[in-house]
2 protein chains.
Amino acid sequence: MTLTTELRKIVESQIDQVIKGIEHTFSRIIETHKITPTDLKDELDSLEETFNLLFQKWSLEILYTLQLKNSIGFSEIKKILCVNSRTLSDKLKMLQKHGYITRTVTVGPPLRVEYALTSKGKNTVLLALPLLYYSSAT
Amino acid sequence: MTLTTELRKIVESQIDQVIKGIEHTFSRIIETHKITPTDLKDELDSLEETFNLLFQKWSLEILYTLQLKNSIGFSEIKKILCVNSRTLSDKLKMLQKHGYITRTVTVGPPLRVEYALTSKGKNTVLLALPLLYYSSAT
DNA sequence: TTACTTTGTATACCTTGTTGTATTAGTAAA
DNA sequence: TTTACTAATACAACAAGGTATACAAAGTAA
């Protein structure tokens with residue numbers, strides 16, 4: 001059994017309760033609010049930055065890679081994801097700026113730059129996993 | 001208290017256990033596998049379609065709108081999200097094709113086309129919520 | 001000195017997706 | 001008949017983002 005199938009299987013076996021929990025929380029809010037289009041627009045605006053940052057190409061791929069490999073260098077990420085240097089450099093900077101990853105330079109010799117997840121980054125990946133595996137299942 | 005703050009507060013109060021549950025599941029898998037770069041690459045490839053579909057612009061916004069408004073017409077979505085007709089039309093078609101939403105035409109005057117979430121779409125939104133609120137919090 | 005590695009940066013091109021504007025089809029109301 | 005509304009579609013133009021290619025700094029080894 002491949003890693004993918006195994007991961008998917010375990011995620012699926014627990015997803016129902018996760019969904020039920022969230023749904024309960026959510027419907028409690030909805031019941032007590034009449035949601036106007038304006039509320040909805042505000043709601044979406046407040047989430048927009050996260051949307052844009054997290055869901056652009058490579059962001060989650062990078063975070064997931066870091067989750068599975070702990071600490072990792074620039075070239076290794078590049079090799080695994082087959083991503084352009086420029087693109088990778090930009091994304092890493094952006095993820096670091098927003099507190100998802102740390103960048104540690106080991107001066108020396110040999111020079112080495114290690115990237116790793118912060119706790120925010122780690123939790124973000126963990127929360128993204130059920131979503132990804134659930135939607136890709138069916 | 002606005003809807004946004006209230007949602008965020010409730011999500012936050014429960015997010016720790018959700019994360020803990022997922023982490024436990026996840027680390028159980030990791031411990032028993034030595035993950036090679038090839039495994040990782042395969043893993044990411046298998047999720048790529050979901051990445052691309054779900055995380056492109058407007059997809060989650062549309063799903064979230066449907067979640068909050070139940071059944072809704074084309075123009076209403078357009079008005080709420082301020083999205084171009086063409087773009088909205090494309091996205092709705094794509095989401096329908098992949099089983100996230102249903103499209104129901106009421107022929108008789110007046111003509112009306114209703115969009116609503118399938119259970120897959122609904123669960124997808126529910127799973128996306130903690131991720132969005134968590135990452136936008138800090 | 002020369003060659004090689006790692007970690008990027010610089011430049012310019014190109015693709016993709018999104019938008020604005022206009023248009024169509026069907027129906028109803030004035 | 002004209003106007004208005006819903007649900008799209010058509011097409012040109014634009015902007016953002018990603019890519020290829022090349023190159024640079026800093027160090028190591030032969």
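No hydrogens, no waters, no symmetry mates; every other heavy atom, side chains included, goes into these values.
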Compare side-chain N and O positions of [X] against OP1 and OP2 of [N] and report whether any pair is under 4.0 Å apart.
| X | N | result |
| --- | --- | --- |
| A:Lys93 | C:dG8 | no |
| A:Ser75 | C:dT7 | yes |
| B:Thr87 | C:dT19 | yes |
| B:Arg103 | D:dA8 | yes |
| B:Tyr115 | D:dT6 | no |
| B:Arg86 | C:dT19 | no |
| A:Ser89 | C:dG8 | no |

Is A:Asp45 salt-bridged to A:Lys41, cutoff N-O under 4.0 Å?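 So A:Asp45 does not pair with A:Lys41 through a salt bridge.
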Identify whether the distance between the nearest side-chain nitrogen and carboxylate oxygen of B:Asp16 and B:Lys20 falls below 4.0 Å.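 Result for this pair is no, no salt bridge flagged.
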Mind calculating the distance between [atom1] ([X]) and [atom2] ([N]) to the nearest angstrom?
| X | N | atom1 | atom2 | result |
| --- | --- | --- | --- | --- |
| B:Asn84 | C:dT16 | CG | P | 19 Å |
| A:Lys78 | D:dT19 | NZ | P | 10 Å |
| A:Leu88 | D:dT21 | CG | C1' | 17 Å |
| B:Glu114 | D:dA7 | CD | P | 8 Å |

How about A:Lys78 and A:Ser85: does a side-chain donor come under 3.5 Å of a side-chain acceptor?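 Yes, a side-chain donor-acceptor pair sits under 3.5 Å.
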Please work out which of the three classes, parallel, tilted or perpendicular, describes the rings of A:Phe55 and B:Phe55, given edges at 30° and 60°.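 Ring orientation, 0 to 90° scale: parallel.
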Heavy-atom count around B:Glu49 CD within 6.0 Å, excluding the residue itself: above 12?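 Not more than 12 within 6.0 Å, no.
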Around atom NZ of A:Lys122, are there more than 12 heavy atoms of other residues, nucleotides or ligands at under 6.0 Å?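 Result for NZ/A:Lys122: open.
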Under a 3.5 Å distance rule, please check whether A:Ser136 uses its side chain to pair with a backbone N or O of B:Thr50 as donor and acceptor.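 No; judged by distance alone, with no hydrogens or angles, the pair does not exist.
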Can you pull out the residues from residues 55-66 of chain A that lie within a 4.0 Å heavy-atom distance of DNA chain D?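 Result for residues 55-66 of chain A: A:Lys57, A:Trp58, sorted by number.
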